[in-house]
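Structure record follows, encoded as structure tokens.
In the text below, chain A, chain B and the rest are named by the order of the sequence lines, each starting its count at 1.
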Protein chains: 2
Amino acid sequence: MRVHQQVTLSLEGAFKAADLPPLVWHDVLIELAHAPDHRLRPVELGSVLQMAQYNLSRLLDRMVDAGLVVRAPCQDKRGHWIVLTASGLKRQKEMYGVYVRVLMQDMGAHLGEDSARKLARQLGKVLSQPEA
Amino acid sequence: MRVHQQVTLSLEGAFKAADLPPLVWHDVLIELAHAPDHRLRPVELGSVLQMAQYNLSRLLDRMVDAGLVVRAPCQDKRGHWIVLTASGLKRQKEMYGVYVRVLMQDMGAHLGEDSARKLARQLGKVLSQPEA
DNA sequence: CACCTGTTGATGCACCCGCATCAACCTTGT
DNA sequence: ACAAGGTTGATGCGGGTGCATCAACAGGTG
């Protein structure tokens, strides 16, 4: 928990310093960037990110306002597609750069290549929903 | 991060189900329980818990309202002592029980004794502020 | 078709967090 | 003693989170 807090604070600080949105925005953006046609349903995002539905709904509102994603109609008329825009993809790459840099500094500097791999494997054993 | 979220959600859920306050309350309570005379200055709590000052201030307000701690005057008249009450200590023990039970279920079930120890050691290497 | 159930997503409300700021007090130097 | 600077803690305000609830739609059954 302490490690998580430390890394999280460092990441959020770096994003803020670079005038970028918070970490959750990156989680959403990267999922969309990896999705076919750069689009996903809110419910899919929610299940992947393990994120509360009402919370995601309002986060997407903000991201639409910021022009990073758009809502588009889809077959199931209850919902819609969340589609990554060009500036959304650009923002995702900016954030990913900061993300990698911070993790390298904060974790990579303290762990060797194989230590990191072992750590990831140990942590993976605890996940109820196996990693992608 | 996924492990942290999973465990955190599980813990908060267990606390809520047992009609207990959130996890941060336990962090404060256990620090007080281990402190000499069951009392600490807010600034000490803040530095141990790596918690923002304004945030801690209001958390303590709520804990005072709940009767788990009291504010008592101290030499340095800028601040005061935060003193654990009897019902605060009782609550801490209740929360600790749930805490241990959940961690055993969520992590202990997936890791052997030595795996857990290795994991803790690897994680410890990343901490900028070495553990107590 | 009409109906019932389950799913998807949005929203009002209360609460919590982050930021900036302030008041009160300690400490140090002169 | 006094002024200047640092430390400790509280608070107004905007924004984010959790809970409960609701509207809209899908899918299956009589």
With heavy-atom distances below 4.5 Å as the criterion, would you say the side chains of B:Arg41 and B:Asp76 are in contact? yes
Nearest whole angstrom, please: distance from the C1' of C:dG12 to the CG of A:Asp61. 14 Å
For D:dT7, does OP1 or OP2 lie under 4.0 Å from any side-chain N or O of B:Arg41? no
Any side-chain heavy-atom pair of A:Gln92 and A:Leu32 under 4.5 Å: no
Could you state the atom-to-atom distance from CD of B:Glu12 to P of C:dC16 in whole Å? 12 Å
Output one line per pair: protein atom, nucleotide atom from nucleotides 15-22 of chain D, and distance, for all N/O pairs under 3.5 Å.
residue, atom, partner, partner atom, Å
D:dT17, OP2, A:Asn55, OD1, 3.0
D:dT17, OP2, A:Arg62, NH2, 3.2
D:dG18, OP2, A:Asn55, ND2, 3.0
D:dG18, O6, A:Arg58, NH1, 3.4
D:dG18, O6, A:Arg58, NH2, 2.7
D:dC19, OP1, B:Lys16, NZ, 2.6
D:dC19, OP2, A:Tyr54, OH, 3.4
D:dC19, N4, A:Arg58, NH2, 3.4

Could you give the CG-to-P distance, from A:Leu49 to C:dG9, as a whole number of Å? 13 Å
How would you list, by chain and number, every residue that makes a side chain to side chain contact (heavy atoms under 4.5 Å, CB included) with B:Val64, sequence neighbours excluded? B:Val69, B:Arg71
Got a sec? Which of residues 67-80 of chain B come in under 4.0 Å of DNA chain C, heavy atoms? B:Gln75, B:Asp76, B:Lys77, B:Arg78
Given 3.5 Å as the limit, does a donor-acceptor pair link the side chain of A:Gln122 with the main chain of B:Lys118, or not? no
Here the distance between atom P of D:dT7 and atom CG of B:Leu56, to the nearest Å, is 18 Å
Over how many whole Å does the gap from A:Leu45 atom CG to C:dT8 atom C1' extend? 13 Å
Polar side-chain atom of B:Ser10 near backbone of B:Val102 as donor-acceptor pair, under 3.5 Å: no
Qualifying residues under salt bridge (charged side-chain N to carboxylate O under 4.0 Å, His left out), relative to B:Arg117, sequence neighbours excluded: B:Glu113
Listed partners of B:Glu94 passing side chain to side chain contact (heavy atoms under 4.5 Å, CB included), at least two apart: B:Leu20, B:Lys90, B:Arg91
Here the distance between atom C1' of C:dG9 and atom CD1 of A:Ile82, to the nearest Å, is 10 Å
Contacts of type side chain to side chain contact (heavy atoms under 4.5 Å, CB included), residue B:Ser57, not counting sequence neighbours: B:Gln53
